[in-house]
Chemist: 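One structure is given below, represented as structure tokens, and several questions about it will come after.
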Amino acid sequence: MRNVLVIGYGAIGKSLIAQLDQEEGGYRWAVWARGNGSPRVDAGRPVTRVTSVTEALAFETDLVVECAGHAAVAAIVPGLLAAGLPTLVCSVGVLADTTIADSLHEAAARGKTWLRLPSGAVGGLDYLRAVAHLDEVGVRYVSRKPPSAWHDELLALNIDPDTLEEEHVLFDGSADGAARRYPKNLNVAATVALNGIGMTRTQVSVVVDPAVSANTHELYIESSAGVAEFRFENNPAPDNPKTSLLTSLSVASEVRTFFQGRAS
Ligand SMILES: NC(=O)C1=CN([C@@H]2O[C@H](COP(=O)(O)OP(=O)(O)OC[C@H]3O[C@@H](n4cnc5c(N)ncnc54)[C@H](O)[C@@H]3O)[C@@H](O)[C@H]2O)C=CC1
Ligand SMILES: O=C([O-])CC(=O)C(=O)O
């Protein structure tokens, strides 16, 4: 059996379970959810509810997948890592906070396990990792989302999201600054930075663009190996328009790879 503990039963968590539950190989699922009651997978099959490290160990968890948000990573994941449970963290932007990042890495070292980041809503990271150690690498990431994705932030700037006709640059600067300014919306910026040349050297532009309907991620890389441009126009997850469907697909792929590695 493959025992997976999913923290957060929202768009990513539900989609992950729905995808893998159809496949051969026998998954058992536990969910660490907020609130009371027992979450059920869409087919109605009950899943085990876990709310402590002790219960996670009693479930004989092989792999933990966090898809609950930044606060949940800080509160829940260090204890699971320290108990030796390998963990995939979707809320990558939380690692922009060096205090939290240090606590996660220390907990993983204590538990003799690892913390891994899925590619999530973006791709091209193999290329980025390959060139990152060359001299004078330039990396620019552009997040381009429709006004509805930045509704509250635009209102706070006295900009009406419903009548915006031209693109508006919300932020231009380092990945560090972007993550500090908009921590919850920039998991991809942190993913690009951490797979590449780091939070201070990676340039980030956050653009509100009324001409796009999908969450769009653009990646521009320049080095002595050449130039590369990637553009991802992502369809939304059915349960959360702010999350790209691609994210749960990438997590499912990581989970498959983990268990294939163990079987071989
Ligand atoms: N790496 C990437 O490219 C991406 C990462 N993300 C990250 O994944 C997270 C989850 O995304 P979605 O599934 O779309 O969000 P969602 O809002 O649909 O679901 C999150 C679920 O987690 C639950 N939750 C929140 N705090 C919790 C806690 N302390 N303990 C247990 N459950 C808790 C919520 O009640 C909700 O059911 C996002 O918050 C974001 O940080 C999202 C999109 C892309
Ligand atoms: O596209 C997505 O799924 C979410 C996103 O932009 C991010 O968190 O950086």
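When a ligand or atom number is given, it counts from 1 through the structure's own listing order.
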Chemist: Evaluating non-hydrogen atoms only, which member of V92, N185, V192 is closest to atom 7 (C) of ligand 2?
Modeler: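 Minimum heavy-atom distance to atom 7 (C) of ligand 2 goes to N185.
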
Chemist: For a quick check: using heavy atoms under 4.0 Å, what are the residues in contact with ligand 1, sorted by chain and number?
Modeler: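 Around ligand 1, where the cutoff is 4.0 Å for heavy atoms, the contacting residues are G8, Y9, G10, A11, I12, W32, A33, R34, C67, A68, G69, H70, A72, I76, C90, S91, V92, G120, A121, N187, V188, N240, T243, T247.
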
Chemist: Could you go through the side-chain hydrogen bond (donor to acceptor under 3.5 Å, both in side chains) check for S15 and Q19 one step at a time?
Modeler: CA-CA 6 Å; S15 166; Q19 286 172 68; 3.1 Å; yes

Chemist: Less than 3.5 Å between some nitrogen or oxygen of N234 and one of ligand 2, yes or no?
Modeler: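 Between N234 and ligand 2, no N or O pair is found under 3.5 Å apart.
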
Chemist: Does a side-chain heavy-atom distance below 4.5 Å link K145 with K242?
Modeler: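 No, every pair of side-chain atoms sits at 4.5 Å or beyond.
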
Chemist: Answer with side chain, backbone, both or neither: which part of L186 has a heavy atom less than 4.0 angstrom from an atom of ligand 2?
Modeler: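 For L186, only backbone atoms sit under 4.0 Å from ligand 2.
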
Chemist: Which protein heavy atom lies closest to atom 4 (C) of ligand 2, and at what distance to 0.1 Å?
Modeler: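 The protein heavy atom lying closest is K242 O, 3.5 Å.
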
Chemist: Test side-chain hydrogen bond (donor to acceptor under 3.5 Å, both in side chains) on E66 and T87 and set out the steps.
Modeler: CA-CA 7 Å; E66 174 283 324; T87 303; over 6 Å; no

Chemist: Side chain, backbone, both or neither: which applies to N215 and ligand 2 if a contact is any heavy-atom pair less than 4.0 Å apart?
Modeler: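 The side chain, only.
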
Chemist: Answer with side chain, backbone, both or neither: which part of A121 has a heavy atom less than 4.0 angstrom from an atom of ligand 2?
Modeler: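 Near ligand 2, A121 shows its side chain, while the N, CA, C and O stay back.
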
Chemist: Please classify the H217 to ligand 2 contact at 4.0 Å (heavy-atom distances, strictly less than): side chain, backbone, both or neither.
Modeler: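 Contact part for H217 vs ligand 2: side chain (C-beta onward).
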
Chemist: Given side-chain hydrogen bond (donor to acceptor under 3.5 Å, both in side chains), test N3 with T61 step by step and report yes or no.
Modeler: CA-CA 5 Å; N3 296 341; T61 301; over 6 Å; no

Chemist: Fit a plane to each ring of Y141 and H217, take the angle between them on a 0 to 90° scale, and name the class: parallel (under 30°), tilted (30 to 60°) or perpendicular (over 60°).
Modeler: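 Parallel, since the angle between the ring planes stays under 30°.
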
Chemist: Suppose I only count heavy atoms of T243 and a 4.0 Å limit; which atoms of ligand 2 are within that range?
Modeler: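 That gives atoms 3 (O) of ligand 2.
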
Chemist: If you measure every N/O of K145 against every N/O of ligand 2, is any gap under 3.5 Å?
Modeler: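 Between K145 and ligand 2, an N or O pair is found under 3.5 Å apart.
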
Chemist: Would you check, one step at a time, whether the test side-chain contact (heavy atoms from CB on, under 4.5 Å) holds for I7 with L80?
Modeler: CA-CA 11 Å; I7 308 172; L80 295 169; 3.7 Å; yes

Chemist: Distance-only, no hydrogens or angles: does the S223 side chain make a donor-acceptor pair with backbone N or O of V137 under 3.5 Å?
Modeler: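 Looks like no, no N/O pair under 3.5 Å.
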
Chemist: Would V206 and W150 satisfy side-chain contact (heavy atoms from CB on, under 4.5 Å), going step by step from the backbone distance to the final call?
Modeler: CA-CA 10 Å; V206 179; W150 291 107; 3.5 Å; yes

Chemist: Treating N187 as the side-chain partner and G93 as the backbone partner, does any N or O pair qualify as donor plus acceptor under 3.5 Å?
Modeler: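 It does hold such a pair.
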
Chemist: Grouping I, L, V, M, F, W and Y whenever their side-chain heavy atoms are under 4.5 Å apart, do L85 and W32 come out in a common cluster?
Modeler: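 Yes, L85 and W32 fall within the same hydrophobic cluster.
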
Chemist: Regarding ligand 2, does S244 bring an N or O atom to under 3.5 Å of one of the ligand's N or O atoms?
Modeler: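 Min N/O separation from ligand 2 is below 3.5 Å for S244.
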
Chemist: Looking only at N/O atoms, are V188 and ligand 2 under 3.5 Å apart anywhere?
Modeler: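 There is such a contact, yes.
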
Chemist: Ignoring hydrogens and angles, tell me if any N or O in the side chain of S248 forms a donor-acceptor pair with the backbone of I12 under 3.5 Å.
Modeler: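 Not confirmed, S248 side chain does not pair with I12 backbone.
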
